[in-house]
Chemist: 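If you scroll down you'll find the structure; I have some questions about it.
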Amino acid sequence: MSNNIIHAESVMAVDFGSINTRAHLFDIVEGSYHFIASGTAPSTVGAPYYDVSESLRSALIALQNITGRILLDSKTSRLCMPAAEDGSGIDRLVVTMSAGRKLKILPFGILSDVSLKSARHLASSTYHHLVDIVGLGDNRPLDARLDDILNANPDIIILAGGTERGASRTVMKNASMVALICRLLPRENRPYVVYAGNRSAALRVKELLEKHTSVFITSNIRPAIDVEDLAPAQEVLADIFEQYHSQQIGGLSTLKSLCSIPLMPTAFAFSRMLRYLSHVHKTGKGVLGVDLGAGSTTLVKAEDGVVHSEVQPFGMGREITGLLEKCSLESISRWLPIEMSADALLDQIWNKNLFPSSIPATPEALAVEHAVARQALRTAVESAQEQHPDWGDVFEPILATGAVLGLSASPLQSLHILLDGIQPVGITTFILDTNAVLASLGAAAPVNSLLPVQVLESGAFTMLATVVSPVCRERFGTTVMQARLVYDSGDELTVNVKQGMIEVLPLPPGYKATLHLQSEKNVSLDGCQKRGKLSLKVNGAACGLVIDARGRPILLPQDDELRRSRLRRWAAAMDSFPA
Amino acid sequence: MLAQITHILPSTNIRRVRILPVDGKLLVRAGQQVAAMDVLAEAQNEAKHILLDVRKVLGGGSAVRGKELVERSVGEIVQEGDIIASMGSVLRKQIHAPQAGVIAAVENGQVYLRVFTPPSQLKAGYTGIVSEIIPERGAIIEINGALLQGVWGNKKVNGGQLLMLADAADDSLTLQKFDSTPEQLRGKVLFSAYCEEEEVLQAVESRSLRGLILASMPAKLIETANSLAVPVILLEGFGRIPLNKFAYEVLSANQRRQITLNAAVWDDYIGERPEITIPAAHEGHPAIEMEVLKPGQHVRIHSAPYKGEGGVIDEVLPGSSLLPSGLRAISALVKLDGGERVLVPVMNLDVIE
């Protein structure tokens, strides 16, 4: 790490996404770091450019135009570094990336609910395709197993197994199979091997494998039966991601020489920030981060520094059809407030696959995009809950990013999508990363630890709402509680909250109030059954204060017209229906 | 702003890289004329091994003993029936190769025999000249003629004489049309605007057609299209979308000419798209691959509410414009072919070039 940290001022954070390249500028304003502006340009990772430089140049030109600050040398078109006396240029550059091919990963472990499970969790924390899974319970004949692995041609094998006082013979047997796999593949097709098992076998594994392929030794991801430690192995995966893509994608190697630290996968940088926030927000609930991207959907839950990351291989761009492999078309169509045949919906989804950067220009197209967004989040949440039994549905706060959310027509639309997709319980603050800087802050943290802290405080994010989500088993339409909002000005607003309804209470940014909840019914808030009174202080936000009494999980009527009518009623309450 | 380009060109010169996923054997040379179905190269791509457990069968469970009994070495080619391992002198016990193959590995007293599988073949995909050889991997083919880039393909390759079964840009292909055409269908590549019947797709194979070009079809037919052995290329997308006039003109002008279909999957990372080429003798101008969006460009709109319409860019508007959906986006004013001037997000446009 540079000794010049204290003197470094401006930081440029570039994110190469599958649809767009974004360049974010951070600098000192009135003594503390602020997010200044972003420049965006279409990605040039693929044809016909095959080089990130062109999109970076376009994004920097856009940023120059917005800020009036010279960032590119007029003669060479190169990034001006370091910053000059006249304010041109920047001091530090960090890069994150989610574009490019997903890594084909093969977890190779022992017990399915111990090492193999952790190896899968590790794979799921980055942009990946799981090509196969090999463990002790594998019934395939040895030759068939070998052929399946060879034909899958993984980019990375995660070799795990053996707690710290556990198996090493089986680990070595597995390592021998991996060595055989490597020997049978042409050298240029051999996978990286990440050894994340019993440390006592590490040296032998390295000696066995390093003559055949690149081997990375990291801490045991399952040091004890009931302990999972993925963080060191995630750093290794991030390194491999950087190495792999630097070889595949033009312009990255050149850019590396300008960067203060190695390029990071966006999801990795995102989870870094969530880890930090989990230390800041010690509510006992855990912080949830949501990135609804074009190529992937990322969920990160962090509590007291312990992070669970799930990167799903479906998104809102070309990978939109990946969602159809994880859920039914019907589960998407149930979120549509308009009538549309299954065929027409399928056509629209597939057309989005063909034209991933297209923008919904009509209310109907937007309704489809939002239905997909809801179900993508829902599918991701359900998968995370299945993989991590302690994931739960209680979070504080929830931070969300992604173009569908950040560039929506109104904050209420974004909030409505998040509520329908995540369905949290209890009292939750929703924060929108409109500028998609959260991952960039995670990437910048190692070179400037003050920057993320100060930018978080600086208003770069939109406080969407405080949402109260009571869970109650009363009949639809029954009054389950009374909500009385007492503003600091002395004004009051009282609503009777009915089961199945959403109430939006106005509380603009800058205002404060106290919310008094009174219920005669058994209402669950934050996992506790409460009857009687509860009071809490709330701050104003873009959407005000929202009470979501639709129940958990949200049950939608089977009857199509009744369901659409209910969705429209909720959208009307949230003022979130497409224009 | 960089433009998204779709090539619909009556005459051009293009070069296409065709490579194997692994090292293999080249079957062509530089300067050679190739047709779409010619094999450029082939490789043993699919791994298939048979485990011969010498340790267990002959070695009494001992890996060391098992290894001692193996009579072949790694890399050795064996034929079906060849002895792989044996023990004993009077009452000899032997393990024979069940199939021909190569000794891939001897591990822990076990022999892995890699059996010969049919090589995977790299077809040319285009009719043209091999302009450059990529050693052990493939070749670059240079093509002169018409080029039409599609949006979806079923990963097959073939070619034949073009037959248009569409009187208008939104005509539907039906079994009745198939049966009522006086033309001999065998060996032809059929063009029609739209197809929504699964039976029609299936009939493409049963009537020995060599390929199908459509403007659009319902996405529910993807699985059926993928199952066909002949290429299917969509030029517009999914749903019912009329063919753009440029493509219609190029195809109409080349009725009954030999055309080739490379129905690749659209993959931006490797720059592959489904493509139709119609070879010509004369050399065309290289296609423009990079362009900035600007007034005067011919465009196709690929999203609602003007999906399938063509026009000309009148003006690229500064800043973001408000759309009927409530979203804001960088947009252009496009004069449609019918004369109407409409606001379209630039991301919903393809420049036809």
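Naming convention: chains lettered A, B, ... in sequence-line order (proteins, then strands); numbering from 1 in each chain. Because only heavy atoms are used, hydrogens play no part in the values below, and waters and symmetry mates are left out as well, while side chains stay in.
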Chemist: What are the two closest heavy atoms between A/A361 and B/A304, and how far apart are they?
Modeler: CB-O, 3.6 Å
Chemist: Which heavy-atom pair separates A/S358 from B/S303 by the least distance, and what is that distance?
Modeler: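 Closest pair (atom of A/S358, atom of B/S303, distance): CB-OG, 3.5 Å.
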Chemist: Do the side-chain N and O atoms of B/H49 and A/D143 include a donor-acceptor pair separated by under 3.5 angstrom?
Modeler: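 Note: B/H49 and A/D143 side chains miss the donor-acceptor criterion.
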Chemist: Going from CD1 on A/I349 to CZ on B/F238, what distance comes out if it is rounded to the nearest 0.5 angstrom?
Modeler: 12.0 Å
Chemist: If you count heavy-atom pairs under 4.5 Å with chain B, which of A/P42, A/P360, A/S176 comes out on top?
Modeler: A/P360
Chemist: Test your reading of the model: is there a side-chain donor-acceptor pair from A/N151 to the backbone of B/A47, 3.5 Å cut-off?
Modeler: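 At least one qualifying donor-acceptor pair exists.
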Chemist: Working to the nearest 0.5 Å, report the span between OH of B/Y112 and CG of A/L180.
Modeler: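 Spacing of OH (B/Y112) from CG (A/L180) equals 5.5 Å.
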Chemist: What part of A/A99 gets closer than 4.5 Å to chain B, counting heavy atoms only: side chain, backbone, both or neither?
Modeler: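 For A/A99, heavy atoms of backbone and side chain both lie under 4.5 Å from chain B.
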Chemist: Salt bridge check: are A/D343 and B/R240 linked by an N-O gap of less than 4.0 Å?
Modeler: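 Looking at A/D343 and B/R240, the cut-off is not met.
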Chemist: Under 3.5 Å, is there a donor-acceptor pair linking the side chains of A/S357 and B/Q4?
Modeler: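 Yes - a donor-acceptor pair under 3.5 Å links their side chains.
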Chemist: Who among B/K48, B/E236, B/R114 has the most heavy-atom pairs with chain A under 4.5 Å?
Modeler: B/K48
Chemist: By a 4.5 Å heavy-atom criterion (distance strictly below it), what part of B/P345 contacts chain A: side chain, backbone, both, or neither?
Modeler: side chain
Chemist: Given a strict heavy-atom distance threshold of 4.5 Å, which part of B/N45 is in contact with chain A: side chain, backbone, both, or neither?
Modeler: backbone
Chemist: Given heavy-atom pairs under 4.5 angstrom as the criterion, report whether the side chain, backbone, both or neither of A/Q348 touches chain B.
Modeler: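 Contact with chain B is absent: no heavy atom of A/Q348 under 4.5 Å.
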Chemist: Quick one: which of A/L346, A/N153, A/L407, A/N353 has the most heavy-atom pairs under 4.5 Å with chain B, could you say?
Modeler: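 Top option by heavy-atom pairs under 4.5 Å: A/L346.
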Chemist: For A/E364, is there an ion pair with B/K307 - N to carboxylate O distance below 4.0 angstrom?
Modeler: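 No, B/K307 and A/E364 are not salt-bridged.
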Chemist: Output the distance between atom CZ (A/R145) and atom CG (B/L51), rounded to the nearest 0.5 Å.
Modeler: 10.5 Å
Chemist: Return the orientation label for the A/F355 and B/H302 ring planes: parallel under 30°, perpendicular over 60°, tilted otherwise.
Modeler: parallel
Chemist: Using non-hydrogen atoms and a 4.5 Å limit, figure out which bit of A/I359 sits close to chain B: side chain, backbone, both or neither.
Modeler: both
Chemist: Testing the basics here: between A/W350 and B/W152, what is the closest heavy-atom pair and its distance to 0.1 Å?
Modeler: CZ3-NE1, 4.4 Å
Chemist: Below 4.5 Å, heavy-atom pairs only: which of A/N189, A/L150, A/D147 has the largest tally toward chain B?
Modeler: A/D147
Chemist: Please rank A/I149, A/L142, A/D148 by heavy-atom pairs under 4.5 Å with chain B and give me the top one.
Modeler: A/L142
Chemist: Does any backbone or side-chain atom of A/R318 lie under 4.5 Å from a heavy atom of chain B? Answer side chain, backbone, both or neither.
Modeler: side chain
Chemist: Check each atom of B/E46 against the heavy atoms of chain A and say whether the ones under 4.5 Å are side chain, backbone, both or neither.
Modeler: both
Chemist: Given that the side chain runs from C-beta out, which part of B/D267 has a heavy atom under 4.5 Å from chain A: side chain, backbone, both or neither?
Modeler: side chain
Chemist: Please determine, among B/E289, B/M217, B/R273, the option with the most heavy-atom pairs under 4.5 Å with chain A.
Modeler: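 Looking at each option in turn, the highest pair count goes to B/E289.
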Chemist: Among B/V22, B/I270, B/L322, which residue has the highest count of heavy-atom pairs closer than 4.5 Å to chain A?
Modeler: B/I270
Chemist: Between atom CG of B/L234 and atom CG of A/N351, what is the distance when rounded to the nearest 0.5 Å?
Modeler: 9.5 Å
Chemist: Only pairs of heavy atoms separated by less than 4.5 Å count here; which of B/Q110, B/K220, B/E272, B/R328 has the most with chain A?
Modeler: B/K220
Chemist: Check B/S325 against A/T362 and note the closest heavy-atom contact, atom names and distance.
Modeler: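 Heavy atoms only, the tightest pair is CB-O, 3.5 Å.
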Chemist: Please classify the contact of A/E188 with chain B as side chain, backbone, both or neither, using a heavy-atom distance under 4.5 Å.
Modeler: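 The side chain, not the backbone.
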Chemist: Answer with side chain, backbone, both or neither: which region of A/T44 has an atom nearer than 4.5 Å to a non-hydrogen atom of chain B?
Modeler: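 Only the side chain of A/T44 comes within 4.5 Å of chain B.
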Chemist: I need the minimum non-hydrogen distance between B/A219 and A/D347, along with the two atoms involved.
Modeler: N-OD1, 2.8 Å
Chemist: So which residue, A/S410, A/A365, A/S18, A/G100, ends up with the most heavy-atom pairs under 4.5 Å with chain B?
Modeler: A/G100
